[in-house]
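The shown structure was predicted, so the numbers you read here are calculated from the model rather than taken from an experiment. Indexing begins at 1, ligand by ligand and atom by atom, following the structure's order. Side chains included, hydrogens not; waters and symmetry mates left out as well; all remaining heavy atoms used.
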Amino acid sequence: MAAALDADLVIAGAGPAGLSLAAALSGAPLRLLLFERAKLSEIAEPRFDGREIALTQASMRSLRKLGAWHRIKPSDISPLTRARVLNGESEFALYFSNRRRGEALGALVPNAAIRRALFDVVSEQANCTIITDQAVISLQSGEKSIAALVSGGRCFAAHLAIAADTRFSPLRQSQGISAHMIDFGRSMLVCRMTHAIPHQGIATEWFDRGQTVAMLPLQDGMSSFVLTLPARQVEMLLEMSPEAFAAEAQRRTLGKWGAMSLASTRHAYPLVAVYADRFVAPRFAVVGDAAVGMHPVTAHGYNFGLASAMTLAGELRRSAREGGDIGRLPGLLRYQRMHRRATWPLFLATNAIARLYSDERLLSRIARSAGLRLMRAAIPLRRAVEARLSG
Ligand SMILES: Cc1cc2nc3c(=O)[nH]c(=O)nc-3n(C[C@H](O)[C@H](O)[C@H](O)COP(=O)(O)OP(=O)(O)OC[C@H]3O[C@@H](n4cnc5c(N)ncnc54)[C@H](O)[C@@H]3O)c2cc1C
C-alpha cells in the first residue's frame with residue numbers, strides 16, 4: 001500500500017493468536033511483519049506445555065480454513081464426545097453432548113501442536129515475515145502510521161499495530177487501554193496421566209471441596225489431569241517425585257480412574273482472567289488473550305483468540321479491498337463491537353462459575369448443587385450450553 005512504510009501491519013507476538021491472525025491474512029494485499037520475543041526454535045518446534053486445548057467445532061472449521069488443521073497429526077487429535085459435571089461427593093452428574101448435530105462436542109489438541117501447525121502455515125506465507133528473538137518494546141502512533149520500536153533497536157513503521165502479547169499485554173497498557181482483571185488466587189496444574197479405568201471419551205469437570213479436577217480424555221488410554229488449588233499447594237505437588245505425585249492424584253480423585261501414573265512433565269499456570277476495556281485505539285488493536293484472557297474452566301481462551309483473529313482479519317481485508325487505510329477507526333470499531341458481543345456474556349458467566357465452584361461456604365455449596373439440578377431439568381438451557389461448547 002504505502003511504499004514509505006516498512007509494512008502494512010505489525011503484529012507483536014507469535015503465540016496462537018498472533019499466528020492465527022497472520023494466517024487469516026494470507027493472500028490479502030497486505031505486508032505483515034510478525035515479531036516474536038522468543039527464539040525461532042521455541043516457536044517452530046514448541047515444547048509440550050501441559051495445555052490440551054478443547055477446540056469447538058467452529059474453531060476446528062476455522063483452523064481448516066487457515067490450512068492448519070491437516071498439519072496436526074491425527075494422534076494429537078482426541079475427539080471430545082461427551083462432558084459431565086460432578087459436584088463434591090454427590091453421585092449426581094450433569095451430562096453434555098452435541099445432540100443437535102450428532103457430532104463430537106469438539107476435540108482436544110495439545111497447545112504445542114496448534115502452535116506448530118500455525119507456524120508452519122505462516123512461515124510459508126508470501127506476505128508475512130516472521131522476526132524472532134525480537135520483542136516489540138514500544139509503539140508510537142501518528143496520524144498516518146504507527147512506529148514499533150523493537151528490542152534490537154530498529155523502528156518499523158506500519159499502518160496498524162496489533163498486540164497479541166499475552167493477557168498482561170504491556171503494549172495494550174502503553175496505548176492507554178485499561179483492563180478488568182480478576183486474580184482468582186489459585187493455580188492450575190496440568191499434566192498427562194495414564195489410568196486403569198478407561199475414560200470412554202468423556203471429559204469430566206469435578207467441582208470437589210477445596211479443589212477442582214478435570215480429566216480430559218486423550219488417546220492411548222491417557223487423560224489430561226487438570227487440578228486447581230491454591231498456588232502454594234500446587235508448588236508442593238510440582239516438587240513431588242512422579243510416583244508420590246501419581247499416588248496423590250489417585251487419592252485426590254478417590255480412585256475414580258483407578259491406578260494412575262504420570263505420563264508427562266507437569267506445568268502450572270496462575271489463574272488470572274482479563275478483559276480489555278477497549279480492543280482498539282488509534283492505529284492499534286488487541287487480539288487473543290491481550291483482548292480476552294479467560295479462566296480455563298469453560299475452555300474458551302484460544303477459541304475466542306481464534307475468533308478475534310478471524311473477525312479482525314475480515315475487517316482488514318474489507319478495508320484493503322475498498323482501498324482504504326486499514327488503521328482507520330471505523331473498521332477497528334466494528335471488530336471491537338463484534339468481538340465484545342461474542343465474548344462478554346461468556347466471560348462473565350465463566351468468572352461466576354469459577355467463583356461459585358471454588359467458594360466453600362454452605363450457601364455456595366447449596367447454590368451449586370441446585371444449579372446443576374436446575375440445569376438438568378431446564379433442557380433448553382442445557383441445549384444452549386451444548387451449542388456454546390461446540391461453538
Ligand atoms: C491450563 C490452561 C488450559 C487452557 N485450556 C484451554 C482450552 O481448553 N481451550 C481454549 O480455547 N483455551 C484454553 N486455554 C487458553 C489458551 O491457552 C490461551 O487463550 C492462548 O494460548 C492465548 O494465546 P495468545 O497468542 O493470545 O497468547 P500467548 O499464548 O500468551 O502467546 C503470546 C506470545 O507473544 C509473545 N510476546 C509477548 N510479548 C511480546 C512482545 N512484546 N513482542 C513480541 N512477542 C511477544 C510471547 O513470547 C508468546 O509467544 C488454556 C490456558 C491454560 C493456561
Side-chain angles (χ1 to χ4, degrees), residues 10-22 33-40 42-44 46 49-56 58-60 62-63 78 80 83 105-112 114-115 118-119 130-139 148-152 156 161-174 184 186-191 203 205 212 214 216 224-228 234 266-274 276 286-309 343 346 350 389 391:
V10 161
I11 304 173
L19 286 168
S20 300
L21 176 63
L33 282 178
L34 173 55
F35 289 96
E36 168 56 51
R37 69 178 171 197
K39 290 190 174 59
L40 176 63
E42 287 172 41
I43 60 162
D49 63 9
R51 291 183 239 191
E52 311 284 349
I53 304 296
L55 295 168
T56 61
S59 292
M60 288 154 66
S62 294
L63 288 172
S78 306
L80 195 52
L105 280 166
L108 288 155
V109 179
N111 193 41
I114 296 174
R115 294 186 71 158
L118 285 166
F119 175 82
I130 305 175
I131 303 177
T132 54
D133 229 344
Q134 299 273 338
V136 175
I137 51 178
S138 72
L139 294 170
L149 177 66
V150 304
S151 48
F156 295 84
I162 307 294
D165 58 342
T166 81
R167 63 188 62 201
F168 302 109
S169 181
L171 294 174
R172 175 185 69 210
Q173 212 173 10
S174 80
F184 291 90
R186 288 175 179 237
S187 289
M188 195 171 252
L189 185 154
V190 279
C191 62
E205 185 81 45
T212 302
L216 309 176
S224 170
F225 177 57
V226 185
L227 181 63
T228 303
V234 165
R266 286 163 277 179
H267 303 262
Y269 297 91
L271 291 177
V272 180
V274 179
V286 286
V287 294
D289 277 15
V292 182
M294 296 287 288
H295 186 298
V297 69
T298 50
H300 262 74
Y302 175 60
N303 289 300
F304 281 166
L306 180 54
S308 70
T343 55
L346 198 66
T350 299
L389 286 174

ask   = How long is the gap from CG on Leu306 to CG on Leu55, to the nearest 0.5 Å?
value = 8.0 Å

message = Rounded at 0.5 Å granularity, tell me how far OG1 in Thr132 sits from CD in Glu36.
response = 8.0 Å

request  = Output yes when the distance from some N or O of ligand 1 to some N or O of Arg167 is under 3.5 Å, and no in every other case.
outcome  = no

remark   = Heavy atoms of His295 and Ala273 approach each other most closely as N-CB, 4.1 Å

key: Backbone or side-chain N or O of Asp289 under 3.5 Å from ligand 1 N or O   = yes

query = What do we get for Glu52 next to ligand 1 when only non-hydrogen atoms under 4.0 Å count, side chain, backbone, both or neither?
reply = backbone

note = Between the CD atom in Glu52 and the SG atom in Cys191, the distance rounded to the nearest 0.5 Å is 10.0 Å

ask   = Just which atoms of ligand 1 are under 4.0 Å from any heavy atom in Thr166?
value = 30 (O), 32 (C)

request  = Please report the closest heavy-atom contact between Ala290 and Ser169, naming both atoms and the distance.
outcome  = CB-CB, 3.8 Å

inquiry  = Suppose I only count heavy atoms of Tyr269 and a 4.0 Å limit; which atoms of ligand 1 are within that range?
reply    = 1 (C), 53 (C)

request  = Sort and list the pairs that fulfil salt bridge (Lys or Arg N to Asp or Glu O under 4.0 Å) and have at least one residue in residues 286-307, not counting sequence neighbours.
outcome  = Arg167-Asp289

message = For atom 17 (O) of ligand 1, which of the options Arg51, Glu42, Arg37 provides the nearest non-hydrogen atom?
response = Arg51

ask   = Can you tell me which residue and heavy atom of the protein come closest to atom 33 (C) of ligand 1, and the distance to 0.1 Å?
value = Gly15 N, 3.6 Å

task = Could you tell me the separation between the CE atom of Met294 and the CG atom of Asn303, rounded to the nearest 0.5 Å?
result = 9.5 Å

key: Which of the ligand 1 atoms, numbered from 1, are nearer than 4.0 Å to a heavy atom of Gly288   = 26 (O)

request  = Measure across Asn111 and Pro16 and return the closest heavy-atom pair with its distance rounded to 0.1 Å.
outcome  = OD1-CG, 3.8 Å

query = Is any side-chain heavy atom of Leu346 closer than 4.5 Å to a side-chain heavy atom of Phe304?
reply = yes

request  = Return the residue, atom name and 0.1 Å-rounded distance of the protein heavy atom closest to atom 23 (O) of ligand 1.
outcome  = Pro16 CD, 3.6 Å

note = shortest atom 34 (O) of ligand 1-to-protein heavy-atom contact is with Gly13 CA, 3.3 Å

key: Proximal ligand 1 atoms for Met188, defined as those under 4.0 Å from one of its heavy atoms   = 1 (C)

inquiry  = Below 4.0 Å from ligand 1: does a non-hydrogen atom of Ala164 turn up there or not?
reply    = yes

ask   = Is the closest side-chain donor-acceptor distance between Ser59 and Thr56 under 3.5 Å?
value = yes

task = Starting from atom 9 (N) of ligand 1, find the nearest protein heavy-atom neighbour and note its residue, name and distance.
result = Ala299 O, 3.2 Å

request  = Check each atom of ligand 1 against the heavy atoms of Phe35 and keep those under 4.0 Å away; list them by number with element.
outcome  = 43 (C), 44 (N)

Check: Ala17 N/O within less than 3.5 Å of ligand 1 N/O = yes

inquiry  = Before you tell me yes or no, could you show the steps for Leu216 and Leu80 under side chain to side chain contact (heavy atoms under 4.5 Å, CB included), namely the whole-Å CA-CA distance, both residues' side-chain angles and the distance that decides it to 0.1 Å?
reply    = CA-CA 8 Å; Leu216 309 176; Leu80 195 52; 5.7 Å; no

message = Measuring from atom 41 (N) of ligand 1, which candidate in Leu19, Val136, Asp165, Leu55 has the nearest non-hydrogen atom?
response = Val136

inquiry  = Under 3.5 Å between any N/O of Ala54 and any N/O of ligand 1: does that happen in this structure?
reply    = yes

Nearest non-hydrogen protein atom, atom 6 (C) of ligand 1 = Ile53 CD1, 3.6 Å

ask   = In terms of residue, atom name and distance, what is the protein heavy atom nearest to atom 49 (O) of ligand 1?
value = Glu36 OE1, 2.8 Å

task = Have a look at ligand 1 and work out which part of His300, if any, has a heavy atom under 4.0 Å from it: side chain, backbone, both or neither.
result = backbone

key: Test side-chain hydrogen bond (donor to acceptor under 3.5 Å, both in side chains) applied to Arg266 - qualifying residues, sequence neighbours left out   = none

task = Compute the minimum heavy-atom distance from Arg115 to ligand 1 and say whether it is under 4.0 Å.
result = yes

task = Considering heavy atoms of the protein only, find what lies nearest to atom 12 (N) of ligand 1 and give residue, atom and distance to 0.1 Å.
result = Tyr302 N, 2.9 Å

query = In Å and rounded to the nearest 0.5 Å, what is the CZ to CD1 distance from Arg37 to Ile137?
reply = 12.5 Å

Nearest non-hydrogen protein atom, atom 4 (C) of ligand 1 = Pro296 CB, 3.9 Å

query = When only distance counts, is Ala38 in polar contact with ligand 1, meaning an N/O pair under 3.5 Å?
reply = no

request  = Find the distance between CD1 (Ile11) and CG (Leu19) and round it off to the nearest 0.5 Å.
outcome  = 8.5 Å

